[in-house]
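Okay, structure first, notes after.
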Amino acid sequence: MTESLDKNKIPAHIAIIMDGNRRWAKKNRKLKNIGHREGMLRLREIVEECGYLGVQMLTVYAFSTENWGREQEEVNYLINLMLEFSETMIEPLHEAGVKINVLGDISAFPEKSKNGILKSLDITKNNKNLVLNIALNYGSRQEITHALKEIVKDCKQGQLDLEDINETLISQYLYSKNQKDPDLLIRTSGEQRLSNFMLFQLAYTEFYFTEVLWPDFKAQDLHQAIIAYQNRNRRFGKE
Ligand code: FPP
């Protein structure tokens with residue numbers, strides 16, 4: 001018998017490393033960009049399902065600082081896909097009460113994509129049902145380095161004292177400031193590593209790895225991940 005989901009123990013914050021788009025394309029004899037497009041379609045479905053289940057925050061790793069190292073054509077495709085996602089999804093997401101947020105530095109993106117993404121943030125900024133964090137041009141080491149520089153700057157300017165620096169303060173200098181840490185991290189496609197994703201925020205997060213490639217990841221797979229999470233015993237280092 002398959003175990004069922006406990007609707008009263010839904011993780012408040014789920015983070016996903018959406019991996020395996022290109023392997024999916026290869027397996028299905030399609031161009032790699034088709035894999036990314038399928039990945040975008042799956043993201044739509046998973047956001048919808050998270051809203052339905054009562055997840056409060058979903059953070060997805062869409063474009064890492066390392067992804068600039070891919071072929072120019074693939075990089076352009078991915079960036080255009082972000083724009084397409086924000087343009088085509090804005091209405092249904094807005095209606096569903098989803099607030100879109102970006103983690104990362106999108107200043108390096110072309111003007112048109114940047115403006116499109118910023119517009120979707122602005123339109124959805126007062127929504128309260130589900131926060132969708134899209135990690136774009138995101139790297140955790142870069143995020144921590146940036147935070148450190150800002151902290152030192154504020155110390156030098158006399159706005160902060162050395163004694164003020166603690167874990168809570170550091171978290172306030174990260175892109176995820178004022179957000180609860182993820183309860184559950186899912187990585188698809190069989191890889192078991194963090195790839196420079198939320199190194200500070202994932203300290204006590206439960207990890208779930210699945211062989212399913214991201215473009216094949218359906219609501220049912222999300223349920224399986226949540227059921228696995230519900231069977232974990234979270235101690236946060238205590239007892
Ligand atoms: C990893 O698979 C995936 C990415 C680098 C891009 C993730 C992007 C999407 C899912 C597209 C939709 C997202 C938005 C926000 C529009 P991979 O390319 O590394 O595949 P591989 O591991 O099989 O090589």
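When a ligand or atom number is given, it counts from 1 through the structure's own listing order. By convention here, the first residue in the shown sequence is residue 1. Bear in mind the structure is a predicted one, so any value in this text is a computation, not a measurement.
With respect to the salt-bridge test (charged N to carboxylate O, under 4.0 angstrom), the residues E74 and R22 qualify.
Partners of A12 according to the side chain to side chain contact (heavy atoms under 4.5 Å, CB included) rule, which considers only residues two or more places apart in sequence or in another chain, are Q56, K180, D183. For I123, the side chain to side chain contact (heavy atoms under 4.5 Å, CB included) test picks out I90, H94, K119, with sequence neighbours left out. Applying the side chain to side chain contact (heavy atoms under 4.5 Å, CB included) rule to R29 yields no partners; only residues at least two apart in sequence or on another chain are considered.
Residues T65 and Q142 bring no donor and acceptor atom of their side chains to less than 3.5 Å of each other.
Among protein residues, M18, D19, G20, N21, R22, R23, H36, G39, M40, L43, A62, N67, R70, L78, L81, M82, F85, I134, W214 come within 4.0 Å of ligand 1, judged on heavy atoms.
E48 CD: 12 or fewer foreign heavy atoms inside a 6.0 Å radius.
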